[in-house]
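Heads up: the structure comes next, in structure tokens.
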Amino acid sequence: MTTQTTREITYLEAVREALVQEMRADKEVFLIGEDVGTYGGAFGVSKGMLEEFGHERVRDTPISEAAIAGAATGAALMGMRPVMEVMFMDFLTISTNQLVNQAAKMRFMFGGKCSIPMVIRAPSGSGTGAAAQHSQSLEAWFVNVPGIKVVAPSSPYDAKGLLIAAIRDNNPVLFMEHKLLYRLKGPVPEESYCIPLQSAEVKREGRDLTIVAYSIMVPRALEAAEKLAAEGIDIEVVDPRSLNPLDEETIIRSVCKTGRVLIAHEAPLTGGFGGELAAVIAESEAFDYLDAPIRRLGGLNVPIPYNRTLERAAVPQVEDIVTAARALAQEGK
Amino acid sequence: MTTQTTREITYLEAVREALVQEMRADKEVFLIGEDVGTYGGAFGVSKGMLEEFGHERVRDTPISEAAIAGAATGAALMGMRPVMEVMFMDFLTISTNQLVNQAAKMRFMFGGKCSIPMVIRAPSGSGTGAAAQHSQSLEAWFVNVPGIKVVAPSSPYDAKGLLIAAIRDNNPVLFMEHKLLYRLKGPVPEESYCIPLQSAEVKREGRDLTIVAYSIMVPRALEAAEKLAAEGIDIEVVDPRSLNPLDEETIIRSVCKTGRVLIAHEAPLTGGFGGELAAVIAESEAFDYLDAPIRRLGGLNVPIPYNRTLERAAVPQVEDIVTAARALAQEGK
Amino acid sequence: MTVVIPEVDEVGTSSSQHLLVELPHEKLAWMLQRMCEIRYFEEKAEDLYIRGLVHGTMHLSIGQEAGSVGSIATLRPEDLIIHHHRGHGHTIAKGANLTTMMAEFLGRESGYCRGRGGSMHIADIPGGNLGATGVVGGGIPTAVGIALALQMHRSEQILLSYFGDGATNEGEFHESLNMASTWKLPVVFICDNNQYGMSMHVSKVMNIENISTRAASYGIPGKTVDGNDVLAVYEAVLEADERARSGEGPSLIDCLSYRWRGHSKSDRNLYRTAQEIDEWKHKCPIRRFKNVLVDAAVMTTDEVETLDQAAKMAVDRAAEEALTFPEPSPENMEDEVYAP
Amino acid sequence: MTVVIPEVDEVGTSSSQHLLVELPHEKLAWMLQRMCEIRYFEEKAEDLYIRGLVHGTMHLSIGQEAGSVGSIATLRPEDLIIHHHRGHGHTIAKGANLTTMMAEFLGRESGYCRGRGGSMHIADIPGGNLGATGVVGGGIPTAVGIALALQMHRSEQILLSYFGDGATNEGEFHESLNMASTWKLPVVFICDNNQYGMSMHVSKVMNIENISTRAASYGIPGKTVDGNDVLAVYEAVLEADERARSGEGPSLIDCLSYRWRGHSKSDRNLYRTAQEIDEWKHKCPIRRFKNVLVDAAVMTTDEVETLDQAAKMAVDRAAEEALTFPEPSPENMEDEVYAP
Ligand SMILES: Cc1ncc(C[n+]2csc(CCOP(=O)(O)OP(=O)(O)O)c2C)c(N)n1
Ligand SMILES: Cc1ncc(C[n+]2csc(CCOP(=O)(O)OP(=O)(O)O)c2C)c(N)n1
Ligand SMILES: [Mg+2]
Ligand SMILES: [Mg+2]
């Protein structure tokens, strides 16, 4: 990738650029969802796209999440590449049957004789004061559904490359966009490029301890790592980027190296994806390299509260990661 | 409990007995679901109940899983104790919004000023040749939803005591009934009794290795344990019984004792509840007692196939547990 | 739509003028004062939001006050409501304490939901307000269960279930109305039809003139009323109440109105013209009701303005007081999730 | 219901008698033969099930053959269908290879779904059968997407989307018909109305006479037809096809019929009388069509019976052959889940 074409854009702009470039490149790709047209999407992701692609390919829908998911599933079955936007990830609870029982299963159930190339874009996470029904992180459900892939980019660069890869993938891909990341800026090449799914990335190298984090937890982990560097604790941050399929090797290699691992996610700790990560590590050769127990840092087991202070307290913040990582770095020494 | 009142009945009869006894004891308890009345429920659980309690309390519904869940949620909000039967757990994908965004959240979201005492009875699992859309085990989703409890009994005795406890609990409780367990017979006292949620049970004592299993995997683990006993491998089988809240102590104590743990469930391995169990163990003091990596045995990451042979191969069977446990018992020796 | 909503000219008009003589004076005064309180409350909340004292987002019902007040005015004190994200009007009409309500907007411990819910999720369970749901259509199935409990308890109470025009395209609307009709439950379904679901005009998301047509799918009465005529709303809902109370089952009332403000705080109003908004401001339900009352000589201009000012003062006082309340503490939140 | 379905007496009757002259002889023969194939196929499948050669459960459409054949007979070869758990009739009418189909029932590798789907999930994608869904109503939203793709591809093809009477109480039915109508998609929604959803008679789960009434909620045509009159079904669906093909949008056709067998293999038929079942057997759509053809002298009794026997033999041959096919191997199943 030539660097002169790389500029700083936001995560939101990166998502839009991926959509626009794929829609220009392949007429089978289209965007479907509530208020994605004139309104430009609840978070402004599709702003301006209606003007270029028109109402047919930037398709506003009734408020009918089951039918929207079905419309994407059926169109995908017919060889199109729909990108469905659900306004908030919380509302996938209305699309669940279509995604889990139709989109995820048709290929296998029908003997491998069809495929469902679709993307479900889902703004996720808390931090906007939207309370319990507009702030969830539901990735753990979909990771347990064979037939669906789950991707959760943490940077503008990853957002663009992973979304293009997701659109070109021949399977249903749940693409999580954390609302607090939309404004995050970072270098992104103008050209179209793919980041293969199932490729984790070491976001920061370190010797003492590995933090496995994804989505919003990556910038927080990196900030925590800087703070701890000042204390002489050298942290490695690994971002799986895609939760299913999962690049286990990169994670395991890092844990073998550091001997300590902290897993961080925003979703409630109990039953969160961190359990899968912990299990993968505990089952692997990394087990023999562990100098301390595996630690998880997750959201509190609560619905997300409205009040700012409570909302902040409900999910891991930089200072929580710092505290947990510091403690783990000392543990058993 | 006086033993002279204990007889051998099936798991299905135990579930029915719990329902009948609670409905006799508390007029606020009622059963609502598709074909629970005249038909007696798709699996015959409510056979005969219509005759005793009438159409109002053994309430047949339209095929409307969202409204059924809403009807239960709203009635619970009004102080009733509805028991909702979903015909197959797979169809909770249509009730998801009501269960996750309403039932689970109303109490917290409204400042703790209401409660939702309801039970969701969900026949789960494969083994009946019903294929991909009628065979799922979706417990992992609900364990990650604060506000819902998840229970999965493995014996007639547990089914009755846990269902009565679930009905008397003041929160939404997902109660999983494995279809293959319905015919399982076991001793059950006639009197009404409660098994507190969050109480795991050691189903078999052993020295060499702990198998943590729930639902259908418990009888399979016990059978595997007998086979391995013949080889001189002494297995302990722990059944959490309730997945959330989880009785961590009993599990950790067992692993500290045996130093080896195999986790078994039917749901697809990736993202299954086994990850949470593995993480809880890996984070606990048991970590220091582990003589071998934690092992998980789960379903293949596939939709459940129709063909008998494929269906059997898709989820752990007794021989798979035997093989995995035998290997783990030797590991690192 | 077939219902034509007149602009408010010098002469006030209502299709249910006869209620001016049939309803007690205090009732009419109560209605006007509640409508004014809703208007002033939402203007105040908007102001606090702009000043950064209220966070998150907010869905204002300014322009739709006749729907919430006209419908709830038909209820007995023990009757119930369940509603949705645009629910400030219903909450106030149902008799909410303005201070406790504003405290919730401000996320204070003494708010209706102890700061956990915010403006989108106000519930006052003892007051018969069973809560606002932020998931479009999500409260409708819950309404079925509430009404079912009323029926099974042989209660005299009824329930009003509110949702927007956009919500009628959700599957939960369909399942719920069908179930409520099949079981003849004591509930009235009220569509606060402001003609838009976010940016989508009803004509772009459904192929029918009147949402009340959908009642036919369930074999229940459906009526579209001028939702800016508080007396017309009252008359239509009262009839539906009686049907619900007498065990004949639910009805669907479509209250046609308009939202003056953007959908929420992020709305740039790209989907409608300034002129359209302006035209609807000339159909203001409050000014209209005032004129109706004065023109029919039910009240003097002074009386009307006294009620208006009383509402304004009540809101100002509530806001002032609420701002002095303490914030909740983040301790032990996990203990709040499950009931003992 | 307003549509009265006559018993089959010595004289055969059809409300669309005129089609006997308008339709080519081969077409009429094709229709009768397909109806017989469906009947014999399901009887054979039932027999294999009882003998333990087919496992799981099975949903037989015996008695409803006119609905699937009458509707699919209107299609062009390139047109599409998507259907539901009671889908054997649609599958055969759409031209399935009986051997490949029976092989799927038997869970063989050479079955339509390589033994992964079974009797409830037969799909023949190249043949235009986009698959049967076991989740009630679950195929309807998918149908919207299929029809959307046809529209966006400017295709001439149309889609028939099948579901049962019970499915019309699912939210997905509502969302889907509304969306399809709003976008004028080339799909015809066909309700295989056998009057029961498992044990629940339509009158117990909805408060309306005719399911076709629900079309009004979406501003589309709705028609209830005698689903035991294959020619009446043909006429109604053809009209809806033309509407769909010409870009005017969907229709809802309610095919009123009856299921002779239990809902599935676990049904004890406690919710209906033996007499009711018997009465409906006297309305047999196959015997009726045979009489219509013979009475109108379109065919002789011999011709009719020759078609019948050809169907029987085809089914017997299919079953025999399918039983010889190998089972799939459980190796590498995880590699089948995701497309490369
Ligand atoms: C299930 C669901 N889908 C989408 C949204 C986002 N959203 C919030 S309000 C709204 C518009 C609702 O329109 P309507 O029902 O007419 O109510 P109004 O806002 O006009 O009062 C949308 C799309 C949501 N909250 N829930
Ligand atoms: C969502 C869902 N709920 C319940 C079931 C169980 N079930 C299978 S078929 C059936 C009856 C469906 O009735 P109808 O739609 O009229 O179709 P029919 O079986 O009569 O052909 C039921 C309740 C299911 N498969 N899916
Ligand atoms: Mg609206
Ligand atoms: Mg039916």
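Heavy-atom basis, side chains included; hydrogens, waters and symmetry copies ignored. Here the structure is a predicted model, which is why all the values come from computation and not from measurement. Protein chains get the first letters and strands the later ones, always in sequence-line order, with residue 1 at the start of each.
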Check: Would you call the rings of D/His90 and D/His84 parallel, tilted or perpendicular if under 30° counts as parallel and over 60° as perpendicular?
Finding: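 The arrangement is tilted - the two ring planes meet at 30° to 60°.
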Heavy-atom cut-off 4.5 Å, strictly under: side chain, backbone, both or neither for [X] against chain B?
X        : value
D/Val337 : side chain
D/Met200 : both
D/His55  : both
D/Asp267 : both
D/Ser329 : backbone
D/Phe105 : backbone

Which atoms of [X] approach chain D - backbone, side chain, both or neither, heavy atom under 4.5 Å:
X       : result
B/Ala66 : neither
B/Phe91 : side chain
B/Ala67 : neither
B/Ser64 : both
B/Thr61 : backbone

If you count heavy-atom pairs under 4.5 Å with chain B, which of [options] comes out on top?
options                                : result
D/Val135, D/Leu270, D/Val136, D/Leu106 : D/Val135
D/His263, D/Met198, D/His121, D/Glu336 : D/Met198
D/Gly171, D/Pro328, D/Gly166           : D/Pro328

Any Lys/Arg nitrogen of [X] or [Y] sitting under 4.0 Å from an Asp/Glu carboxylate oxygen of the other?
X        : Y        : answer
B/Arg312 : B/Glu319 : yes
B/Glu311 : D/Arg116 : no
D/Arg261 : D/Glu46  : yes

Notebook entry, point to check: When heavy-atom pairs shorter than 4.5 Å are enumerated against chain D, which of B/Val302, B/Asp35, B/Leu300 gives the highest number?
Noted result: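 Looking at each option in turn, the highest pair count goes to B/Asp35.
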Next item on the list: Answer yes if the ring centres of D/His59 and D/His88 are under 6.0 angstrom apart, and no otherwise.
Entry: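 D/His59 vs D/His88: aromatic centres not under 6.0 Å.
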Notebook entry, point to check: Do B/Phe273 and B/Phe142 have their ring centres less than 6.0 Å from each other?
Noted result: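 Ring centres of B/Phe142 and B/Phe273 not closer than 6.0 Å.
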Notebook entry, point to check: Of the options B/Leu19, B/Val58, B/Val83, which is the one that meets B/Val36 in a side chain to side chain contact (heavy atoms under 4.5 Å, CB included)?
Noted result: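 Among B/Leu19, B/Val58, B/Val83, the one that satisfies the side chain to side chain contact (heavy atoms under 4.5 Å, CB included) with B/Val36 is B/Val58.
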Item checked: B/Thr38 OG1 to D/Tyr271 OH distance, which is reported to the nearest 0.5 Å ->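 Atom-to-atom, B/Thr38:OG1 and D/Tyr271:OH are 10.5 Å apart.
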Note to self: Would you say that more than 12 heavy atoms from the other residues, nucleotides or ligands in this model lie under 6.0 Å from the CD of B/Glu51, or not?
What the structure shows: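 Yes, enclosed.
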Margin query: I'd like to know whether NZ of B/Lys47 has more than 12 heavy-atom contacts from other residues, nucleotides or ligands below 6.0 angstrom.
Written below: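 Counting other residues, nucleotides and ligands, NZ of B/Lys47 stays at 12 neighbours or fewer.
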